[in-house]
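Just so it is clear: chains get the letters A, B, ... in the order the sequence lines come, proteins before strands, and each one is counted from 1.
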Amino acid sequence: MKSEPNEFGIDDLFNRPHQTEPWDGVRNYQARNMMRDQMKIGDLAFFYHSNCDIPGIVGIMKISREGYPDPFAFDPDDKHFDPKSSPDNPRWFMVDVQYVKKLSRTIPLQELKQYSELEDFALVRRGNRLSIMPVSKTQWDFILGLE
DNA sequence: GCCAACGTTGGC
DNA sequence: GCCAACGTTGGC
């Protein structure tokens with residue numbers, strides 16, 4: 001799951017009450033479908049810092065609440081307002097995530113791109129813009145082994 | 001339903 | 001700040 005650290009980084013999650021935060025503001029259908037349909041309580045996710053000095057994987061979090069409507073879509077004053085989403089028929093969903101740990105080092109995107117083991121990992125494919133993407137067990141274990 | 005125009009993402 | 005890669009929008 002990607003986030004820009006100048007907006008919301010791993011340290012921000014660490015400092016939240018209960019170290020938990022709703023992953024709001026996602027306005028992409030593929031990412032929404034994953035949050036709404038696939039991500040389950042207790043599932044683990046990598047926290048990825050994008051749009052920063054060293055883009056890369058910085059930590060691990062877990063899903064603490066399964067998909068529910070993103071209320072910011074209903075707020076006309078919010079940056080992520082969407083008039084086509086309503087409480088009766090919500091278009092956008094989010095999950096809550098809870099801090100698990102910070103990796104002992106950032107694993108840079110540049111490094112992840114070098115491993116043939118990760119050539120099918122969506123994150124390293126050219127032009128990828130998904131903010132949430134699946135990680136296979138094999139990929140997960142391999143990446144953890146790089147720490 | 002096509003597709004040009006436009007906006008956004010995000011690495012570099 | 002540049003720009004490639006995409007997703008979305010809207011005229012037709």
Phosphate-side-chain proximity, [X] and [N], N/O vs OP1/OP2 below 4.0 Å:
| X | N | answer |
| --- | --- | --- |
| K2(A) | dT8(B) | no |
| Y48(A) | dG11(B) | yes |
| R129(A) | dG7(C) | no |

*Say whether F14(A) and L44(A) are linked into one hydrophobic cluster, either directly or through other cluster members, by side-chain heavy-atom distances under 4.5 angstrom.*
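They do share one cluster, since a chain of ILVMFWY contacts under 4.5 Å joins F14(A) to L44(A).
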Rounded to whole Å, please give me the gap between [atom1] in [X] and [atom2] in [N].
| X | N | atom1 | atom2 | result |
| --- | --- | --- | --- | --- |
| L130(A) | dT8(C) | CG | P | 10 Å |
| Y29(A) | dT8(C) | OH | P | 7 Å |
| R27(A) | dG7(C) | CZ | C1' | 15 Å |
| H49(A) | dT9(B) | NE2 | P | 17 Å |
| E111(A) | dG11(B) | CD | P | 15 Å |
| W92(A) | dT8(C) | CH2 | P | 7 Å |
| D53(A) | dG1(C) | CG | C1' | 15 Å |
| M1(A) | dG10(B) | CE | C1' | 18 Å |

*Apply side chain to side chain contact (heavy atoms under 4.5 Å, CB included) to L144(A) and F46(A), showing your working.*
CA-CA 10 Å; L144(A) 276 188; F46(A) 286 126; 4.1 Å; yes
_If you assign each of N128(A) and K84(A) to its closest nucleotide in DNA chain C, which residue comes earlier from the 5' end?_
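Going by which nucleotide is closer to the 5' end, it is N128(A).
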*With a cut-off of 6.0 Å (strictly less than), are more than 12 heavy atoms of other residues, nucleotides or ligands near NZ of K79(A)?*
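Counting neighbours around NZ of K79(A), 12 or fewer heavy atoms of other residues, nucleotides or ligands fall under 6.0 Å, so no.
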*Of F72(A), F74(A), Y29(A), the residue whose pairing with W92(A) passes ring pair (Phe, Tyr, Trp, His ring centres under 6.0 Å)*: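 Of all the options given, the one that passes is Y29(A).
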_From dG11(B), dA5(C), dG7(C), nucleotide with atom closest to R126(A) side chain_ =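 In terms of side-chain proximity for R126(A), the closest of dG11(B), dA5(C), dG7(C) is dA5(C).
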